[in-house]
Amino acid sequence: MAEITKSYESREVEKKWYAAWQGARAFAGRPDTGKEPYAIVIPPPNVTGILTMGHVLNNTLQDILVRRARLEGHAALWLPGTDHAGIATQTVVERELRKQKKTRRDLGREKFLEKVWEWRHEKGGIILEQLRRLGASCDWDRTQFTMDPHYSRAVLTVFADLFRKGHIYRGKRMVNWCPVSQTALSDEEVIMKPVNGTIYRVRYELVEQPGRYVEVKTTRPETIPGDVAIAVHPDDPRYLGLIGKKVRRPLGPPAEIPLIPDAAVDREFGTGALKITPAHDKADFEIGGRHKLPAIDVLKADGTLNELAGAELAGLDRFAGRKKAAELLRASGALVAEEAYANNVGYSERADVPIEPRLTWQWWLRYPRVEEAKSAVRDGYIRFYPQRWGKVYLHWLENIQDWCISRQLWWGHRIPVWYRKGLDKEALNETDLRDPTKVHVSLEGPLDPENWIQEDDVLDTWASSWLWPFATMGWPDEAAMQKAGYDYFYPTSTLVTGPDIIFFWVARMIMAGLEFTRTGEPIERRIPFRNVYFTGIIRDQQGRKMSKSLGNSPDPLDLIDKYGADGLRFGIVSIAPQGQDIRFQEDRIESGKNFCNKLWNASRFRQMSGEAGDNSSLSGILARLEPGKFDADDHAILDRMLATTREVDRCFGEFEFSAAVQSLYGFFWNDFCDWYVEVSKSKLQNPETKANCLAIQDLVLRQTLLLLHPFIPFITEELWSLLGYGTPGKFIADALLENASQIATASHVRGVALDRDAVAAVEKLKAFISQARALKADHNLASRRDVRFFVTTGEVEWRVLAANLAKLTRMAGAVEISRRDKVEGAPAAVTPLGTLYLDLASTVDAGAERARLSKELEQLTKHIASTEARLSNEAFVSKAPPAVLEGARKQLADQKAKHAELERLLRALG
RNA sequence: GGACCUUUAGCUCAGUUGGUUAGAGCGUUUCCUUGACAUGGAAAAGGUCACUGGUUCGAGUCCAGUAAGGUCCACCA
């Protein structure tokens, strides 16, 4: 067995074991009918992505789940991959082209796509390499990409199927248009931002009554040339006589437009009169439609004004146009007033510019399985953690709008629709769309392609990633599904993702799963996953979201270099409570590293303490236990080990990862290292107790490594091997993690009858030691190891002390602890095992001593008063449960005994 | 406007169905390089649990309200 070195070198160990795992295909997800399946599909990062702290948290949690599943004996699969991320990727490649002063249109569609593929092969998927550094145990042989041929087939199959079922249609509607990317966006890709702008009060002159005006307030004067009416509320007395009259449009080509009544107008807002610009506002479009008014589009696709806006505005960008429009209005006297105004403006999430409501032809999807998707979560087939996200999910589904699935991009799945040559696309109605002589929809395309023209648009990226849980497992190809183990692994177990994509992705995957998998079978077979764990969002210390633009996110790879992958994993999990956002603090990552160091050194101590005996299996270690030689510490550490095992079990059941980590941390550091290892030091010097003590250490270390392995896989694998717990050619993950009752049963068979009072006994010993150390510290003797203690105590207590005397003397840093009948004039402390005196050769400062004891007495008196008050409350005595009552009585008795002893000590001081 | 979350030690957070004197890590003070670990050990200081009411024998915990901060959805030009 190799020696455990003085310090843990994460870099080499991580490299070594990751290569070993991959070489042995330890992460392969293989269906095994003798085992329970456990599957996770990764939320596919953008192929352009690089690892962020969010990814670190998210993927660490997935790795923890899948590694734990392996230890529990499941056939586990973690399926990785990337998303083609339409806009993001196309933008990256276009940016590169721009450096060569080219646009994608210069290249043409085919050449441009070649460039994107080139880019993807060279630079895409860096993030998957980075995940390996983190220790992610994905089945890399199965890596998926949403533009892979078989995945694309799944996407197009779904399109054709939904088209055939009538869920997909083409329509000219108001969409969110991004003038930078020059494509339509779904509602989910638009984020509202408060913007400080200007609102303009503009007057429109009545045609029949020159000199009389109707005033409106608008934030967008540049769209006035697109006005087709002024609307007022039908019951608004201010405008009663004016409805039906005409006003002159104050900007753009001269026109007379009517005043129309419409109940959608808010009388309270502005002047109560609203300019109607159907081409540039959703509400206006609806009002225009009701009154059969035309829509005049004054903008081009790139957001510049066109000739319909008039000669002065044409060619200007919309923001420059706004200024110019205000100037023109001012010059003509139509601008009555302008004031600062804060309103909410929709921004393109990707390009970060205001979106333009724009009337265009797009493909739309009426979502399938909406009701069933609600039921899946409402009725508990799918569980959300934390549960409250279920409400957000249901609210979205209640108010669901059709999904605009077409994008005016090139990078993506081109919509499998062909139009008969010579047809006017714009004029196609619903009937034409379903007429196969006019419109062809299929994966293969028409047999006579020369007579058809394919749709230019591609599908929204999310219209491919919503199929992720089953398209990654071969769907819809039977042979591929067979090979991937679809029947075995679907539905997957748990999805780990951020709540920010609950609509984009989670809800849509549920609907897709319900619609496309296992038609006719019950809902629990068709859902894509059984649990969804929503992580928190990682924020910086000021509480801001971590983002590239703010530059407030540390590079995870730097953190790995600095603290090790295990340190990073342990740290990030320990600060990520369920369902709450996380304020990132690097010192928590550092403490993750420190924990690894502690684990390393405790193992080192174990190795240095003596040769093992059979360490290679649980039963081997159990056989080395000598139950007859157990003392209270042996009982207590095993009891705490089982309790921790149970607690970690519970945490996995509830997805409480940080609680699991904290429990393991406390157990290992405090119970094992600070106490058991310390008491071991005297037990190991005694040949009588040495072997049993080593066996107990092995039992605890072995179980701790197993429990910790999902969280910190590298160091646990290394120690597992160095301590000889494994067998050659096997990994720690090949072992089976026994639960608390299995271990208890197995120990029982070996004659170990765990003493449940031992924990309480050890607590008393700990209190005793603590008081002894405090006495020394109070008298500036903490560094001295030649001090003597005396104890005055009863027979029973002394027997406990005597049985542990060697350990206690060492732990207290004393040369001797002995019993006396009476001690006078020495500093003293009242412990649960008797009164402890520090043997001070020098004279005691009676004043200081009195102050110290008086302070303690004073506090104790307060506690006694409150306990007495409770016990003298008749209502408490009659209504509290007996256990609580008895506890209070015992507490009072203890407090009073201690009180009496303190008083006696004070009297003795004189 | 609607929904949700948060408020506990200087900082970041635990606190599981209401029950002894409210915990951890970091930070702070003092002491310690003793053969696993100074990435460490020991001792200590530090909290009227945001506020106001209510329920209860008993409230950090349950209920109502208030305040502050945050998130999501909808959105009036």
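What you see is a predicted model; the values in this text were computed from it and never measured. Chain identifiers are assigned alphabetically (A, B, ...) following the order of the sequence lines, protein sequences preceding nucleic acid strands; residue numbering begins at 1 within each chain. For the numbers below, each heavy atom of this structure counts, side chains included, while hydrogens, waters and symmetry mates do not.
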Rounded off to whole Å, could you give me the CG-to-C1' distance for the D778(A) and U29(B) pair?
-> 14 Å
What integer distance in Å separates K766(A):NZ from A42(B):P?
-> 11 Å
Is any N or O donor-acceptor pair between the side chain of N344(A) and the base of C75(B) shorter than 3.5 Å?
-> yes
C1'-based separation of G25(B) from G19(B) [nearest Å] | 28 Å
Quick one: label R201(A) by what it contacts on the DNA or RNA (base, sugar-phosphate, nothing), any heavy atom closer than 4.0 Å.
-> nothing
When you check the phosphate oxygens OP1 and OP2 of A77(B), does a side-chain N or O of T277(A) lie under 4.0 Å from one of them?
-> no
Return no unless some side-chain N or O of K6(A) is found under 4.0 Å from OP1 or OP2 of C37(B).
-> yes
With T867(A), which of Q895(A), K896(A), K862(A) fulfils side chain to side chain donor-acceptor pair (under 3.5 Å)?
-> Q895(A)
Whole-Å gap separating P (G41(B)) and CZ (R810(A)) = 16 Å
Taking CZ from F503(A) and C1' from A3(B), how many angstroms apart are they, rounded to a whole number?
-> 11 Å
What one-letter contact string describes nucleotides 14-27 of chain B from 5' to 3', where B marks a base within less than 4.0 Å of any protein heavy atom, S marks contact via sugar-phosphate atoms alone, and - marks no contact?
-> S----BBB----S-
With sugar-phosphate meaning primed atoms plus P, OP1 and OP2, does E268(A) contact a base, only sugar-phosphate, or nothing at under 4.0 Å between heavy atoms?
-> nothing
Just say parallel, tilted or perpendicular for the rings of F657(A) and F652(A), cut-offs at 30° and 60°.
-> perpendicular
Base, sugar-phosphate, or nothing: which does A774(A) touch, judged by heavy atoms less than 4.0 Å apart?
-> sugar-phosphate
Take atom C1' in C49(B) and the same atom in G15(B), then report the distance between them in whole Å.
-> 11 Å
Report the base-pairing partner of U12(B) (Watson-Crick or G-U wobble, both distances below 3.5 angstrom), or none.
-> A24(B)
Separation of L781(A) atom CG from U34(B) atom C1', in whole Å?
-> 17 Å
Side-chain N or O of N343(A) less than 4.0 angstrom from OP1 or OP2 on A77(B)?
-> yes
Between CG of N780(A) and C1' of A42(B) the distance, given in whole Å, is 14 Å
Pairwise C1' distance, U17(B) and C62(B) [rounded to whole Å] | 11 Å
Do any N or O atoms from the side chain of S658(A) and from the backbone of I575(A) form a donor-acceptor pair under 3.5 angstrom?
-> no
Measure the spacing between CG of L701(A) and CZ of F668(A) and express it to the nearest 0.5 Å.
-> 5.5 Å
In the strands shown, is A67(B) matched to any nucleotide by a Watson-Crick or G-U wobble pair with both distances under 3.5 Å, and which?
-> U7(B)
Can you find a donor-acceptor pair, distance only, under 3.5 Å between R583(A) side chain and U12(B) base?
-> no
Tell me what V677(A) touches on the nucleic acid: a base, only sugar-phosphate, or nothing, going by heavy atoms under 4.0 Å.
-> base
Answer with base, sugar-phosphate or nothing: what part of the nucleic acid does R220(A) contact at a heavy-atom distance below 4.0 Å?
-> nothing
For G40(B), the nucleotide meeting Watson-Crick or G-U wobble distances (both under 3.5 Å) is C32(B)
Short side-chain N/O contact from Y341(A) to OP1 or OP2 of A77(B), under 4.0 Å | yes
K598(A) side chain N/O closer than 4.0 Å to the phosphate oxygens (OP1, OP2) of G41(B)?
-> yes
Given RNA chain B, 5'-ward residue of the pair S574(A) and A264(A), judged by closest heavy atom = S574(A)
For A59(B), what is the paired nucleotide under Watson-Crick or G-U wobble rules, both distances under 3.5 Å?
-> none
Relative to each other, are the rings of F534(A) and W389(A) parallel, tilted or perpendicular (30° and 60° limits)?
-> tilted
Within the distance-only criterion (no hydrogens, no angle test), does the side chain of D540(A) pair as donor or acceptor with the backbone N or O of M546(A) below 3.5 angstrom?
-> no
Heavy atoms under 4.0 Å, any strand shown: does D674(A) hit a base, just sugar-phosphate, or nothing?
-> sugar-phosphate
Hey, does the side chain of K681(A) come within less than 4.0 Å of A36(B)'s phosphate (OP1/OP2), counting only N and O?
-> yes
Write down the distance between CG (D500(A)) and P (C5(B)), rounded to a whole number of angstrom.
-> 19 Å
Side chain of R201(A), backbone of T218(A): donor and acceptor closer than 3.5 Å?
-> no
Using atom types as modelled and distance alone, determine if a side-chain donor or acceptor of D566(A) lies under 3.5 Å from a backbone N or O of I715(A).
-> yes
Please measure how far the C1' atom in A22(B) lies from the corresponding atom in U61(B), and state the result in whole Å.
-> 11 Å
Distance between the C1' atoms of G54(B) and U20(B), in whole angstroms?
-> 26 Å
Ignoring backbone atoms, test whether K217(A) places a side-chain nitrogen or oxygen under 4.0 Å from the OP1 or OP2 oxygen of A77(B).
-> no
If you measure from the P atom in A77(B) to the same atom in A3(B), how many Å do you get, rounded?
-> 22 Å
Rounded to whole Å, the NZ-C1' distance (K545(A) to U71(B)) equals 9 Å
Ignoring hydrogens and angles, tell me if any N or O in the side chain of R606(A) forms a donor-acceptor pair with the backbone of G610(A) under 3.5 Å.
-> yes
Between the side chains of E189(A) and S186(A), does any donor sit under 3.5 Å from an acceptor?
-> yes
Determine the contact category for C673(A): base if any of its heavy atoms lies under 4.0 Å from a base atom, sugar-phosphate if only primed atoms, P, OP1 or OP2 are that close, otherwise nothing.
-> base
Closest-nucleotide ordering on RNA chain B, the 5'-leading residue of D266(A) and N601(A) | N601(A)
With rounding to whole Å, what would you report as the distance between G70(B) and U28(B) at their C1' atoms?
-> 30 Å
Just name whichever nucleotide pairs with G1(B), Watson-Crick or G-U, keeping both distances under 3.5 Å, else none.
-> C73(B)
Say you pick atom P in U6(B) and the same atom in A50(B); how far apart are they, in whole Å?
-> 12 Å
Could you tell me whether F570(A) and F711(A) have their ring centroids closer than 6.0 angstrom?
-> no
